[in-house]
J.: 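Provided herewith is a single structure, encoded as structure tokens, for subsequent inquiry.
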Amino acid sequence: MTKHGVVVVPEDTVVGLAAGRQFSFPPPRAGDSCKMLAGQIDLSAAMMGSWLDSMKASSPRHKLVAPRVAAAGDVEQDDWMDKHPSALGEFEALAAAASGKQIVMFLDYDGTLSPIVEDPDSAVMTDEMREAVRGVAEHFPTAIVSGRGRDKVFNFVRLAELYYAGSHGMDIQGPTADSNHHLNTPSKGEQARSVLCQPASEFLPMIGEVHDLLVAKMASIPGAMVENNKFCLSVHFRCVDEKKWGTLAEQVRSALREYPRLQLTQGRKVLEIRPVIKWDKGRALEFLLGALGFADRADVFPIYIGDDRTDEDAFKVLRSRGQGAGILVTRIPKDTLASFSLRDPDEVKDFLRELVISKSLLRSSEKRRSDII
């Protein structure tokens, strides 16, 4: 079985940090102002104008905004970075906070391990990123938590030693191989035995019906794509002319009028249909910590890295627990409950590599001490 370790940093490192930049850790618990982050849409009351405003707000034009944000002296950016410092720039401080504790790693997929692309089926991760994730999984329990279907995200990542929580955490599977045995595709029997949690199973027939209905409705909107993520559906409008967004939104709303047990939420240029149950990425994080035996332990340090508003549910859980670190992947300031930030998947890869290096250095130090003794 995989031997998962803890991160320990020398005491002089912590003392050195005390003389440098200061920030609150663990982060303060969320206040009332953060409650506005919920992404659910009121289907009965939402007006078309607010629909479009909300869709545009959740789909910023990064190419237009990024140059202004990156400019030196940008007050808004500087203020935001003070509150959400780079996880790479503050790596030693983060490692100090995790010192002596069991790290558990949670990773979103799209926009975190792979770049956001126009065709969702083309969101492949690089071999370098795969190796970085594999390295982390050799030292720490690691889970992929995605809105994608579990099978689809597994086919992207192709690491059988990880936990996979697809459909926004409504389809959770444990590892089908030890970290020393990298299988390309687990057998059906292995997959069945490793399924840990599927709280929305009763909704499968309903979701299938809505999928077929949406496919028919979206056929008349160029660029629209409906993705079946098993326990939830995604309607991608990244390639849809902005003038058609209102029509698309109305068509999606009309498809759900006869299905009050399904709700509509938003992501980055995507509308998502999910069962109305109390389950999200935050619940998935809590479930996995419990399954790993860390539910009530004070010596655990969960790290969650994600880029989407659906990841805010996980950041909120970390804040309520008062432990671990939420890291938002973004190039622009956003309202978030995360404590740290990274700019893009390349920085995520560098951060994961830093974790592996810190663990390897610890092992070498422990071996030298044991040899001396």
Side-chain angles (χ1 to χ4, degrees), residues 38-46 51 108-110 120-121 123 143-156 163-174 176 185-221 224-237 247-267 269-288 291 308-310 313:
Q40 294 185 8
I41 300 169
D42 183 351
L43 297 180
S44 62
W51 258 98
D108 181 28
Y109 183 76
D110 293 280
D121 291 333
I144 307 296
V145 186
S146 173
R148 299 272 198 155
R150 174 170 53 82
D151 291 341
K152 179 170 288 187
V153 76
F154 176 86
N155 289 333
F156 280 136
Y163 292 81
Y164 289 87
S167 302
H168 296 289
M170 289 181 283
D171 189 8
I172 301 177
Q173 180 183 37
T176 55
T185 305
S187 68
K188 290 184 178 180
E190 289 172 327
Q191 288 185 7
R193 288 192 299 272
S194 64
V195 170
L196 301 178
C197 180
Q198 293 181 333
S201 296
E202 66 177 290
F203 289 86
L204 280 177
M206 187 185 305
I207 290 172
E209 293 174 8
V210 174
H211 171 264
D212 294 343
L213 186 57
L214 284 172
V215 168
K217 286 180 175 291
M218 293 300 108
S220 62
I221 302 178
M225 176 182 173
V226 181
E227 184 177 14
N228 190 337
N229 296 312
K230 190 172 181 177
F231 292 102
C232 60
L233 302 171
S234 298
V235 180
H236 300 274
F237 57 92
T247 301
L248 181 143
E250 179 56 36
Q251 291 292 334
V252 174
R253 291 179 63 199
S254 66
L256 294 180
R257 286 194 180 110
E258 302 300 319
Y259 296 91
R261 298 183 67 197
L262 297 178
Q263 63 181 347
L264 193 60
T265 60
Q266 286 180 247
K269 290 195 175 180
V270 62
L271 298 179
E272 296 179 309
I273 294 92
R274 303 193 228 172
V276 181
I277 61 173
K278 292 183 178 180
W279 199 269
D280 50 39
K281 289 183 176 182
R283 293 294 184 100
L285 183 153
E286 291 180 309
F287 174 87
L288 283 167
D308 194 66
R309 66 168 57 193
T310 59
D313 294 316

J.: Can you tell me if Tyr109 uses its side chain to pair, donor with acceptor, with the backbone of Ala123 under 3.5 Å?
T.: yes
J.: Rounded at 0.5 Å granularity, tell me how far CG in Asn155 sits from CG in Asp121.
T.: 11.0 Å
J.: Please walk me through it: do Glu286 and Lys278 pass salt bridge (charged side-chain N to carboxylate O under 4.0 Å, His left out)?
T.: CA-CA 13 Å; Glu286 291 180 309; Lys278 292 183 178 180; over 6 Å; no
J.: Using only heavy-atom distances, determine whether the side chains of Thr310 and Lys281 contain a donor-acceptor pair under 3.5 Å.
T.: yes
J.: Let me check something: any side-chain donor-acceptor pairs from residues 199-212 under 3.5 Å, sequence neighbours excluded? List them with distances.
T.:
| unit_1 | atom_1 | unit_2 | atom_2 | d |
| --- | --- | --- | --- | --- |
| Ser201 | OG | Gln198 | O | 3.0 |
| Glu202 | OE1 | Arg261 | NH2 | 3.0 |
| Glu209 | OE1 | Tyr259 | OH | 2.9 |

J.: Quick one, His236 and Ser234 - any side-chain contact, counting heavy atoms below 4.5 Å?
T.: yes
J.: Please report the interatomic distance CG(Leu248) to CZ(Phe237), rounded to the nearest 0.5 Å.
T.: 7.5 Å
J.: Looking only at heavy atoms, which two atoms of Cys232 and Arg274 are closest? And how far apart?
T.: CB-CG, 4.0 Å
J.: Go through the steps for Met225 and Val235 under the test side chain to side chain contact (heavy atoms under 4.5 Å, CB included), then give the verdict.
T.: CA-CA 6 Å; Met225 176 182 173; Val235 180; over 6 Å; no
J.: Tell me yes or no: between the side chains of Gln173 and Arg150, is some donor less than 3.5 Å from an acceptor?
T.: yes
J.: Please name the pair of heavy atoms, one in Leu271 and one in Ala249, separated by the smallest distance, quoted to 0.1 Å.
T.: CD1-CA, 4.4 Å
J.: With a 4.5 Å limit on heavy-atom distance, are the side chains of Gln263 and Leu256 in contact?
T.: no
J.: Under a 4.0 Å threshold between the charged nitrogen and the carboxylate oxygen, would Arg148 count as salt-bridged to Glu272?
T.: no
J.: Any side-chain heavy atom of Met218 within less than 4.5 Å of one from Val252?
T.: yes
J.: Mind listing the closest non-hydrogen atom pair of Ala165 and Ile172 along with its distance?
T.: CB-CG1, 3.9 Å
J.: Whether Lys230 and Asp151 form a salt bridge (side-chain N of Lys/Arg under 4.0 Å from carboxylate O of Asp/Glu) is what I want to check.
T.: no
J.: Does the side chain of Ser167 pick up a donor-acceptor pair with the side chain of Asn229 at under 3.5 Å?
T.: no
J.: Just verifying a value: how many Å separate Leu214 CG and Ile273 CD1, rounded to the nearest 0.5 Å?
T.: 5.0 Å
J.: How many angstroms lie between SG in Cys197 and CH2 in Trp279, if you round to the nearest 0.5 Å?
T.: 4.0 Å
J.: Heavy-atom distance under 4.5 Å between the side chains of Glu227 and Leu233, does that happen here?
T.: no
J.: Any chance you could measure Leu285, atom CG, to Asp313, atom CG, to the nearest 0.5 Å?
T.: 10.5 Å
J.: Could you grab the distance from atom CZ of Phe287 to atom OH of Tyr163, nearest 0.5 Å is fine?
T.: 10.0 Å
